[in-house]
Q: 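This structure is in structure tokens; I'll ask about it shortly.
Here is the naming used below: chain letters follow the sequence lines, and residue numbers restart at 1 for every chain.
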Protein chains: 2
Amino acid sequence: MRHSFGSYIRERREHLQKSNPRAFTLRGVSREVGLEPSYLSKIERDTQPPPSEETIKRLAAVLGEDGDMLLAMAGKISTDLKEVICRRPQLFGQLLRELKNQPDHAVLRLVREVRDGEW
Amino acid sequence: MRHSFGSYIRERREHLQKSNPRAFTLRGVSREVGLEPSYLSKIERDTQPPPSEETIKRLAAVLGEDGDMLLAMAGKISTDLKEVICRRPQLFGQLLRELKNQPDHAVLRLVREVRDGEW
DNA sequence: GGTAGTGTGTCCTACATACTCCACACATGA
DNA sequence: TCATGTGTGGAGTATGTAGGACACACTACC
């Protein structure tokens, strides 16, 4: 992983700040997300571990980032995905371990297969 | 889910106890797993929430159960699977949400496809 | 030269997690 | 009858999680 959670958030926020200097200050974003500025500051500098799943999702929404990806950078998985797996743990466990070392395009092909119903 | 985590553990342990009365007492298993008997007792009666991932895995080994399944009953996912997903969160997120409502046999077919390299 | 807005440092807290420790009551066989 | 083994009850503890409160220093503006 090239970026830690915090440094990525900071980079993204500062990027957005370039085209909208007033809204995307640390204080602006923290207000929007519903956090204390000092807390977000510590998160962005990786002083503090990443926040909770819910907070990460709100943060993703405000920054226009993908929730699953941000959660992954925090080492977490969305509860709705967790439920999918927990409902059929052996089945999906097997599938995921099988796909672990497959290249992206192979997995993607599978996704399309299922979606387009080619079976 | 027909069973809670605790009641399932208890049932499985008592089943094994039938063919091996000395080894599969609550105290015997708790010693094997490395827990206090009172703690395991509370877990089996769902007084206490399920234990940690590591403990669940040791418990699964002692009881001859599938780790992923026991973890799932506790609402958890093995860290190795978590890592697989966190490495490519969007890809696997998409796949899992696509497969969420597919029947078992369809998913199983996918598993076999990948394993047998039919592509 | 105040004041408004920026990020940051330090301390604190409430709650959850993952257990242990010790005492107890009951049953069982020697 | 008494030591031994069984499950259980209640209390306590250590560590982690998820933040909040508040003061501070710097900058820019009027």
Q: With distance as the sole test, does E53(A) use its side chain to make a donor-acceptor pair with the main-chain N or O of T79(A) at under 3.5 Å?
A: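 Present.
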Q: Return yes if some donor-acceptor pair links the side-chain N/O of R10(B) with the main-chain N/O of R45(B) below 3.5 Å, else return no.
A: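 Here the side-chain-to-backbone pair does not exist.
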Q: Can any side-chain N or O of T55(A) pair as donor or acceptor with the backbone N or O of P51(A) at less than 3.5 Å?
A: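 Not a single qualifying donor-acceptor pair exists.
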Q: Checking side-chain hydrogen bond (donor to acceptor under 3.5 Å, both in side chains) between D68(B) and each of R97(A), Q90(A), Q94(A), which is the one that passes?
A: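 One option only clears the test, and that one is R97(A).
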Q: Round to a whole Å and report the spacing from CD1 of I56(A) to C1' of dA18(D).
A: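 Distance, rounded to whole Å: 11 Å.
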Q: Using atom names, set out every protein N or O paired with an N or O of nucleotides 8-14 of chain C below 3.5 Å, distance rounded to 0.1 Å.
A:
from    : atom 1 : to     : atom 2 : distance (Å)
dT8(C)  : OP1    : R10(A) : NH1    : 3.2
dT8(C)  : OP2    : R10(A) : NH2    : 2.6
dT8(C)  : OP2    : S41(A) : OG     : 2.9
dG9(C)  : OP2    : R45(A) : NH1    : 2.4
dG9(C)  : OP2    : R45(A) : NH2    : 3.3
dT10(C) : O4     : K42(A) : NZ     : 3.0

Q: So, applying side chain to side chain contact (heavy atoms under 4.5 Å, CB included) with Y8(A), which one of E44(A), M69(A), R13(A) is it?
A: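 Answer to the side chain to side chain contact (heavy atoms under 4.5 Å, CB included) test with Y8(A) among E44(A), M69(A), R13(A): M69(A).
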Q: Does a side chain donor of either S52(B) or K76(B) reach within less than 3.5 Å of an acceptor in the other side chain?
A: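 The criterion, which ignores hydrogens and geometry beyond distance, is not satisfied for K76(B) and S52(B).
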Q: Between dC19(C) atom P and L59(B) atom CG, what is the distance in whole Å?
A: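 My rounded result for the distance is 11 Å.
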Q: To the nearest angstrom, how far is Q17(A) atom CD from dT6(C) atom P?
A: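 About 9 Å, once rounded to whole Å.
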Q: Phosphate oxygens OP1/OP2 of dC19(C): is one of them under 4.0 Å from a side-chain N or O of T55(B)?
A: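 For dC19(C), OP1/OP2 do have a side-chain N/O of T55(B) under 4.0 Å.
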Q: Whole-Å distance between dT6(C) C1' and F24(A) CZ?
A: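 F24(A) atom CZ is separated from dT6(C) atom C1' by 17 Å.
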Q: Calculate the interatomic distance between I43(A) atom CD1 and dT17(D) atom P; express it in whole Å.
A: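 Computing the I43(A):CD1 to dT17(D):P distance gives 13 Å.
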Q: Output the rounded distance in Å from CZ (R31(B)) to C1' (dT20(C)).
A: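 The distance from CZ of R31(B) to C1' of dT20(C) comes to 17 Å, rounded to the nearest Å.
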Q: Whole angstroms only, please: what is the CD-C1' distance between E54(A) and dG19(D)?
A: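 Atom-to-atom, E54(A) to dG19(D), this comes out as 15 Å.
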Q: Taking only the side-chain heavy atoms of T25(B) (C-beta and beyond), determine which of dT20(C), dG20(D), dG7(D) contains the nearest atom.
A: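 Among dT20(C), dG20(D), dG7(D), the one nearest the side chain of T25(B) is dG7(D).
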Q: Examine dT17(D): is either OP1 or OP2 under 4.0 Å from a nitrogen or oxygen in the side chain of K76(A)? Give yes or no.
A: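 Negative; the distance criterion is not met.
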Q: Just jot down the side chain to side chain donor-acceptor pair (under 3.5 Å) partners of S7(A), sequence neighbours excluded, or say none.
A: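 Once residues adjacent in sequence are excluded, the partners of S7(A) under the side chain to side chain donor-acceptor pair (under 3.5 Å) criterion are H3(A), S4(A).
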Q: Starting from P on dC21(C), measure out to CD on E36(B) and report it in whole angstrom.
A: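 For the pair E36(B) CD and dC21(C) P, the rounded distance is 5 Å.
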